[in-house]
Participant: 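Would you mind keeping the following structure in view while I ask a few things?
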Amino acid sequence: MRFLTAGESHGQKLVGIIEGLPSGMKISKESVDEALRQRQRGPGRGGRMAIEQDEVQLISGVRGGLSTGAPVALEILNRDWENWASIMAWGDEADLESRKVMTPRPGHADLTGALKYRTEVRNILERASARETAMRVAIGSIVRQGLSALGVEIRGHVRAVGGVHAEYKDEADYWRRVKQSEWSVGDPVAEQKMGERLLAAREQGESLGGLLEVQVLKVPAGLGSHVQWDRKLDGKLAQAVLSVQAMKGVSFGLGFEAGERMGSLVHDPIHYHQGQGFRRGSNHAGGIEGGMSNGEPIVLQAVMKPIPTLYQPLDTVHLETKEVVKASVERSDVCAVPAALVVLEHVVAWVIAEAVLEKFPADSFKELQTAWEAYQAYLIL
Ligand SMILES: Cc1cc2nc3c(=O)[nH]c(=O)nc-3n(C[C@H](O)[C@H](O)[C@H](O)COP(=O)(O)O)c2cc1C
């Protein structure tokens with residue numbers, strides 16, 4: 001299974017193609033649209049999100065609510081394009097001057113992209129923008145629906161924003177609050193403080209990042225493989241997570257704290273439970289050992305740096321004159337941690353779905369389900 005996306009932030013639309021999806025898998029457009037809505041929400045977003053009301057168009061590969069096995073093509077229109085049609089036009093009529101950017105923003109692809117591709121910055125920032133993640137959410141949402149039909153559950157929460165940490169309790173009430181929280185945190189005290197931190201950051205022309213956590217529940221042991229570096233599940237998940245704009249680090253389970261502890265306080269004892277198979281007494285590994293899922297929940301954390309576009313911009317250098325000037329300001333979020341969480345959940349869904357199909361190659365969903373169920377039964381023998 002693979003996918004490709006295309007589209008600029010202020011272009012006409014985002015497009016994507018998924019190939020290799022088994023036939024007969026239920027696909028709901030409403031579920032994709034709901035995921036897109038989730039990506040757009042959250043405190044700290046900029047004016048752009050007020051303009052866009054993302055909705056997917058399923059162009060091919062789905063009939064009567066079921067995948068056909070043919071490539072699935074998707075589109076998401078950029079409403080803002082109406083304001084950019086002459087600037088983004090592909091032909092000679094394009095207005096290449098009025099929104100030309102010659103003052104690269106620190107923290108963005110702007111400077112290196114302009115040097116590498118020998119262009120002004122607009123051609124770089126249009127594609128480097130996290131607008132692209134709308135399509136990755138749509139694609140992830142399609143495979144997430146298949147995972148959900150197999151019983152796999154993906155959930156996430158925000159652990160910290162701008163240095164304010166939520167107190168995480170792995171209990172139903174916490175997760176219920178996460179769902180209702182605009183920050184995607186289950187700790188109301190932290191939520192309040194995050195709001196205050198955001199207000200202060202906005203007033204100061206500053207921006208905020210944070211810590212995010214994604215969990216994958218009910219995955220069987222044996223996704224991924226120890227035999228080759230590029231088949232390791234933790235490696236694949238890390239790559240997918242770090243490919244999301246502004247993600248600067250990823251860890252699993254105990255994460256970096258593992259380096260601080262003695263081995264006996266890190267590794268998870270193995271137990272056997274009749275009717276359940278092999279289980280662990282703890283899950284410090286975050287559900288992955290030797291590049292394979294071990295049957296415990298997969299738990300990964302990621303760190304998101306503060307949004308690089310600053311309303312009180314840092315110094316930069318004009319590409320032509322080499323004068324020191326202030327960096328340009330494109331309309332921007334002040335904090336996008338809750339939105340990024342939605343993106344992470346969906347890129348994780350993609351990697352897990354890929355790993356499922358690597359373990360259980362199938363042309364139809366029925367074939368996949370049969371192999372999946374037989375394997376689950378084998379695991380608890
Ligand atoms: C959901 C989401 C929304 C983002 N929104 C903005 C934004 O409004 N303004 C901005 O400057 N950066 C934003 N970013 C981050 C930049 O796209 C990113 O930092 C930049 O492309 C450089 O890539 P890098 O941080 O991965 O090195 C956002 C990232 C995500 C995941």
Side-chain angles (χ1 to χ4, degrees), residues 5 7-10 14 35-52 54 76 78 80 99 101 103-117 121-141 156 158 161-162 182-184 198 201-202 205-214 238-250 300-314 316 326-350:
T5 75
E8 278 81 35
S9 180
H10 299 99
L14 302 170
L36 291 173
R37 262 194 300 281
Q38 294 290 324
R39 194 199 74 96
Q40 290 191 270
R41 62 177 197 103
R45 304 309 303 277
R48 176 75 188 269
M49 286 304 111
I51 298 173
E52 302 298 342
D54 289 339
I76 300 169
N78 287 326
D80 205 11
R99 295 305 296 264
V101 177
T103 49
R105 297 160 303 167
H108 270 285
D110 295 9
L111 175 60
T112 311
L115 293 173
K116 177 176 162 70
Y117 290 90
V121 173
R122 170 127 335 259
N123 286 341
I124 303 304
L125 70 83
E126 284 292 333
R127 181 62 186 159
S129 156
R131 176 76 190 136
E132 171 262 333
T133 61
M135 183 48 76
R136 279 201 275 173
V137 166
I139 288 170
S141 156
V158 168
V161 170
E182 54 171 6
W183 284 103
S184 298
L198 173 66
R202 190 174 267 139
E206 275 290 354
S207 65
L208 298 173
L211 295 171
L212 311 92
E213 180 168 291
V214 176
Q239 202 276 326
V241 167
L242 291 176
S243 77
V244 174
Q245 287 82 344
M247 296 304 145
K248 292 298 140 192
V250 60
L300 70 83
Q301 297 90 20
V303 56
M304 181 178 192
K305 74 183 188 184
I307 295 286
T309 302
L310 299 176
Y311 282 98
Q312 290 286 337
L314 296 176
T316 187
K326 291 294 172 194
S328 66
V329 181
E330 287 278 314
R331 191 175 41 204
S332 179
D333 302 327
V334 173
C335 174
V337 176
L341 179 69
V342 178
V343 179
L344 287 199
E345 287 176 20
H346 288 87
V347 301
V348 164
W350 177 267

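Atoms within each ligand, like the ligands themselves, are counted from 1 in listed order. By convention here, the first residue in the shown sequence is residue 1. Bear in mind the structure is a predicted one, so any value in this text is a computation, not a measurement.
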Participant: For ligand 1, run through the N/O pairs with the protein that fall under 3.5 Å and put one pair on each line.
Facilitator:
residue	atom	partner	partner atom	Å
ligand 1	5 (N)	Asp333	OD2	2.9
ligand 1	8 (O)	Ser332	OG	3.4
ligand 1	8 (O)	Asp333	N	2.8
ligand 1	8 (O)	Asp333	OD2	3.2
ligand 1	9 (N)	Ser332	OG	2.8
ligand 1	11 (O)	His108	NE2	2.7
ligand 1	11 (O)	Thr309	N	3.1
ligand 1	11 (O)	Thr309	OG1	2.5
ligand 1	25 (O)	Ala246	N	3.2
ligand 1	25 (O)	Lys305	NZ	2.8
ligand 1	26 (O)	Ala246	N	2.9
ligand 1	27 (O)	Lys248	NZ	3.0

Participant: Salt bridge check: are Glu330 and Arg122 linked by an N-O gap of less than 4.0 Å?
Facilitator: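 Judged by the 4.0 Å cut-off on N to carboxylate O distance, Glu330 and Arg122 do form a salt bridge.
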Participant: Looking at Asp54 and Arg131, does any basic side-chain N land under 4.0 Å from a carboxylate oxygen?
Facilitator: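 So Asp54 pairs with Arg131 through a salt bridge.
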Participant: For residues 336-350, which residue pairs qualify under salt bridge (Lys or Arg N to Asp or Glu O under 4.0 Å), counting only residues two or more places apart or in two chains?
Facilitator: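 Sorted pair list: Arg144-Glu345.
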Participant: How about Arg127 and Ser9: does a side-chain donor come under 3.5 Å of a side-chain acceptor?
Facilitator: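 No pair is found: no donor N or O on one side chain lies under 3.5 Å from an acceptor on the other.
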Participant: Taking Thr133 for the side chain and Ala130 for the main chain, is one N or O donor matched with an acceptor at less than 3.5 Å?
Facilitator: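 The answer is yes, because a donor-acceptor pair under 3.5 Å joins these two groups.
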Participant: Judged by atom type as modelled, is there a donor-acceptor pair below 3.5 Å linking the side chain of Asn78 to the main-chain atoms of Glu8?
Facilitator: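 Looks like yes, one N/O pair under 3.5 Å.
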